[in-house]
Novice: 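Take a look at the following structure, please.
Proteins get letters first, then strands, A, B, ... in listed order; numbering begins at 1 in each. Here the structure is a predicted model, which means the values were calculated and not measured.
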There are 2 protein chains.
Amino acid sequence: MQKKRIPNIYDVAKTSGVSISTISRVLNAPDKVNPETRRRVISAIDKLGFIPKAEARAHAMKNTNRIGVLTPYFTAPSFVQRLRGVVAALSKANYELVIYPVDSVEHLQAYTSSIPIMRNIDGLIIMSLAIEEKDALRLHDNSMETVLIEYAHPRLNNISIDDVQGGHLVAKHLIEKGHTRVAFLGDIEPPERYAIHPVKSRLQGFKETLASADISLQKKYIVQASYSQDESRQAAYHLLTLSKPPTAIFAASDIQAASVMKVARQLKIRIPEDMAVIGFDDIDMADHMDITTIRQNLDESGRLAAEILLSRIAEPSRPLQHIRLPLTLIERLTT
Amino acid sequence: MQKKRIPNIYDVAKTSGVSISTISRVLNAPDKVNPETRRRVISAIDKLGFIPKAEARAHAMKNTNRIGVLTPYFTAPSFVQRLRGVVAALSKANYELVIYPVDSVEHLQAYTSSIPIMRNIDGLIIMSLAIEEKDALRLHDNSMETVLIEYAHPRLNNISIDDVQGGHLVAKHLIEKGHTRVAFLGDIEPPERYAIHPVKSRLQGFKETLASADISLQKKYIVQASYSQDESRQAAYHLLTLSKPPTAIFAASDIQAASVMKVARQLKIRIPEDMAVIGFDDIDMADHMDITTIRQNLDESGRLAAEILLSRIAEPSRPLQHIRLPLTLIERLTT
DNA sequence: TAGTTTTATGAAAGCGCTTTCAGTTTAGCA
DNA sequence: TGCTAAACTGAAAGCGCTTTCATAAAACTA
């Protein structure tokens, strides 16, 4: 019992007595072939269990039915939720998703310089990454369809939110709740060149609205903390053990809000009675933990990115899209 | 200023004055070409900015440097953490990751029947999915390297945990804490044919150890709840509002434990004073929320799966691996 | 220095499809 | 019945690489 080879299009041609062109046609343009021959071919296909090799197809057609996502920290909840949206849109369209995790500038550069030329994907979504001008141009010049999330470039599609307005919303809410001694915890000095700085804008908006209500955000109430758990906790600890701790903390992300809450629990500080906490993003966990937060529709941003990409791949002449997604405050139990 | 074409190997051959074979050689087996010619070729490559097209390469070499992951609920934290491990291992080896989200049996079947023949990936990781005998055989017969996570088949690699023992650990812990009226919340009747049933085993182990300590787990204290937030919360509500509520709840996953805690919060039930909660998995969130749980090393399972896959792709003669990962109890603040 | 290895290269045959182009039938119509 | 248009189909030319095989040149041997 010899192992039979995986059949190729020539095998099908042989057993159905037509040329390979016809096989290809019944697969890709069935209406262009006589119903009778089509039947014969199909039965041969079924009999042999023929499935066209994806690589060969991609090679001949110069498209891969695959799109890529370039992302840092791809396992952070907010990124995952974006990815969820991307996947939702892609699987409908029968596109595959390949993930390129980025953890250094070199990494990012390597990707942006090789991807458009290697041509192993049809389109690219770049999440929360600052790309250099020359890389953006390379993508554009080599006509690699791209959509940027949380970053913008005039020649590429992009989807973003108004972080400053996000800061406004938070401040407004806290003011309404009667807080006057508030603090901010977030990653305002990202050291990596490739990362972006939405957090600074959130802080800016926060400050602005506070100022307009004559509330000053003192320096000592602004603490730097990277996305990492350790740093967030230390920063939270610092804030919560000040001689005159704030009555409300705006954490620049829900994850960090959760860290604040964890530290508060250790210090027996009740939330929201003793201290209010508000996050940003509205990741799934925020609901689980009843964290008041600013919702940016993460799933939607991913879905939209994918849809824009697919539509431009299908029809490259369509205009560029620069989309700004709305933000809403979701009040739960921590403020 | 005409747009210059993306260069191919022929262009490089022309400008460096050698044949395409030589170009290919300096790229894939540099030591087989004279240092002097190599230098010339390399400078031509740099000058033109040549990068080999991935598809063409894949077509000629019959391997893609890409591995696939078949997974349900790919955005659930536990899956994401497994993926994190996979990605960590792959990016070292310069392999790409493509994700195939599965949400129905048809979906799964379609994948398992076409993937091995389409040959657009070199290897496959199947997470928490029950695959049918014939599909497993197809994968094996078409020599598509595969590793199964949380499921087993004699002809394929697999990685699993001892869910029964997990149940034992939970029961033991609760008994030591002095609980005698305990409950179980989990997805014990998954309706989807393609999903697997580790939760039943956890319940079984839980029961066994309780029984050996003469504690009976009453029917009314075993509640069914799917992975969905709504159902988990309803089930939790039911349990917490019984006339004689349990003093401890074993939730079959951390996410569900979080739901229980959320409901408890609403009902002003203090944890752990009024009621203990223990989860399963030890996802990142468990630490954030200080949930006592059973740790199964999710990241590690993913990393291991990828490593096994890569090693077998490189050396198909290596023996199959059937690995069982250890479980440990992590005590935090909810018990 | 003739004979034998070794090293370096190019020609050409794949890899398995899609698609254009031209030729052959068949159908449509007066 | 003769002529034109429409419908099918096959040959062949890509797509852009890798790799085998043969050959030529260089390097050793005795």
Novice: Taking the side chain of B:Asn8 as heavy atoms from C-beta outward, which of C:dG16, C:dT9, D:dC17 is closest to it?
Specialist: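 Given the options C:dG16, C:dT9, D:dC17, the side chain of B:Asn8 is closest to D:dC17.
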Novice: Do B:Asp31 and B:Arg38 sit within salt-bridge range, that is, some charged N less than 4.0 Å from a carboxylate O?
Specialist: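 Salt bridge between B:Asp31 and B:Arg38, a charged N being under 4.0 Å from a carboxylate O: no.
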Novice: Ion pair present between A:Asp135 and A:Arg138, side-chain N to carboxylate O less than 4.0 angstrom?
Specialist: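 Yes, this pair counts.
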Novice: Among the candidates C:dA8, C:dC15, C:dC17, find the nucleotide nearest to the side-chain atoms of B:Pro35.
Specialist: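 Shortest atom-to-atom distance from the side chain points to C:dA8.
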Novice: Quick one: ring-ring contact (aromatic ring centres under 6.0 Å, His included) partners of A:Phe79, sequence neighbours excluded?
Specialist: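 Applying ring-ring contact (aromatic ring centres under 6.0 Å, His included) to A:Phe79 gives A:Tyr73.
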Novice: Which of residues 50-58 of chain B sit near DNA chain D, with a heavy atom under 4.0 Å from it?
Specialist: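 DNA chain D contact set from residues 50-58 of chain B: B:Phe50, B:Pro52, B:Lys53, B:Ala56, B:Arg57.
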Novice: Between residues 112-124 of chain B and DNA chain C, which residues have a heavy-atom gap below 4.0 Å?
Specialist: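 DNA chain C contact set from residues 112-124 of chain B: none.
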Novice: Would you tabulate the side-chain donor-acceptor contacts of residues 54-63 of chain A under 3.5 Å, counting partners in other chains and residues two or more places apart, or write 'none'?
Specialist:
{"from": "A:Glu55", "atom 1": "OE2", "to": "B:Arg66", "atom 2": "NH1", "distance (Å)": "3.3"}
{"from": "A:Arg57", "atom 1": "NH2", "to": "A:Asn28", "atom 2": "OD1", "distance (Å)": "2.6"}
{"from": "A:Asn63", "atom 1": "ND2", "to": "A:Asn65", "atom 2": "OD1", "distance (Å)": "3.2"}

Novice: Should the heavy atoms of other residues, nucleotides or ligands under 6.0 Å from CG of A:Asn94 be counted, would the total exceed 12?
Specialist: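 It does not: A:Asn94 CG has 12 such atoms or fewer within range.
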Novice: I need the OH-C1' distance between A:Tyr10 and C:dC15, as an integer number of Å.
Specialist: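 Taking OH of A:Tyr10 and C1' of C:dC15, I get 9 Å after rounding.
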Novice: With sequence neighbours left out, which residue pairs that include part of residues 101-131 of chain A fulfil the ring-ring contact (aromatic ring centres under 6.0 Å, His included) condition?
Specialist: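 For residues 101-131 of chain A, and leaving out neighbouring residues, the ring-ring contact (aromatic ring centres under 6.0 Å, His included) pairs sorted by first residue read A:Tyr100-A:Tyr111, A:His107-A:Tyr111.
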Novice: Indicate yes or no for a side-chain donor-acceptor contact from B:Thr146 to the backbone of B:Met144 under 3.5 Å, with no hydrogens or angles considered.
Specialist: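 Answer holds: yes.
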Novice: With sequence neighbours excluded, tell me which residues meet side chain to side chain contact (heavy atoms under 4.5 Å, CB included) with B:Ile51.
Specialist: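 Per chain and number, B:Ile51 pairs via side chain to side chain contact (heavy atoms under 4.5 Å, CB included) with A:Ser114, A:Ile117, A:Met118.
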Novice: For nucleotides 19-24 of chain C, list the nitrogen or oxygen atoms of the protein found under 3.5 Å from its nitrogen or oxygen atoms, one pair per line.
Specialist:
{"from": "C:dT20", "atom 1": "O4", "to": "A:Arg25", "atom 2": "NH2", "distance (Å)": "3.3"}

Novice: Taking side chain to side chain contact (heavy atoms under 4.5 Å, CB included) as the test, write out the residues that go with B:Thr37, two or more places apart.
Specialist: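 Expected list: B:Val18, B:Val33, B:Asn34, B:Arg40.
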Novice: Rounding to 10 degrees, work out the angle separating the end axes of the helix from C:dT1-D:dA30 to C:dA30-D:dT1 (five pairs an end).
Specialist: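 Angle reported: 30°, given to the nearest ten degrees.
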Novice: Side chains of residues 308-315 of chain A: which donor-acceptor partners sit under 3.5 Å, not counting sequence neighbours?
Specialist:
{"from": "A:Ser311", "atom 1": "OG", "to": "A:Ile308", "atom 2": "O", "distance (Å)": "3.0"}
{"from": "A:Arg312", "atom 1": "NE", "to": "A:Arg318", "atom 2": "O", "distance (Å)": "3.1"}
{"from": "A:Arg312", "atom 1": "NH1", "to": "A:Glu145", "atom 2": "OE1", "distance (Å)": "3.1"}
{"from": "A:Arg312", "atom 1": "NH2", "to": "A:Pro316", "atom 2": "O", "distance (Å)": "3.1"}
{"from": "A:Arg312", "atom 1": "NH2", "to": "A:Arg318", "atom 2": "O", "distance (Å)": "2.9"}

Novice: Only counting residues at least two apart or in another chain, list the ones meeting side chain to side chain contact (heavy atoms under 4.5 Å, CB included) with A:Arg155.
Specialist: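 If we apply the side chain to side chain contact (heavy atoms under 4.5 Å, CB included) test to A:Arg155, skipping adjacent residues, the hits are A:Leu137, A:His140, A:His153.
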Novice: Establish, with yes or no, whether the OP1 or OP2 oxygen of C:dT18 is under 4.0 angstrom from a side-chain nitrogen or oxygen of A:Lys62.
Specialist: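 No, outside the criterion.
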Novice: Sorted by first residue and then second, give each ring-ring contact (aromatic ring centres under 6.0 Å, His included) pair with at least one member in residues 302-324 of chain A; sequence neighbours left out.
Specialist: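 ring-ring contact (aromatic ring centres under 6.0 Å, His included) check on residues 302-324 of chain A returns no pairs.
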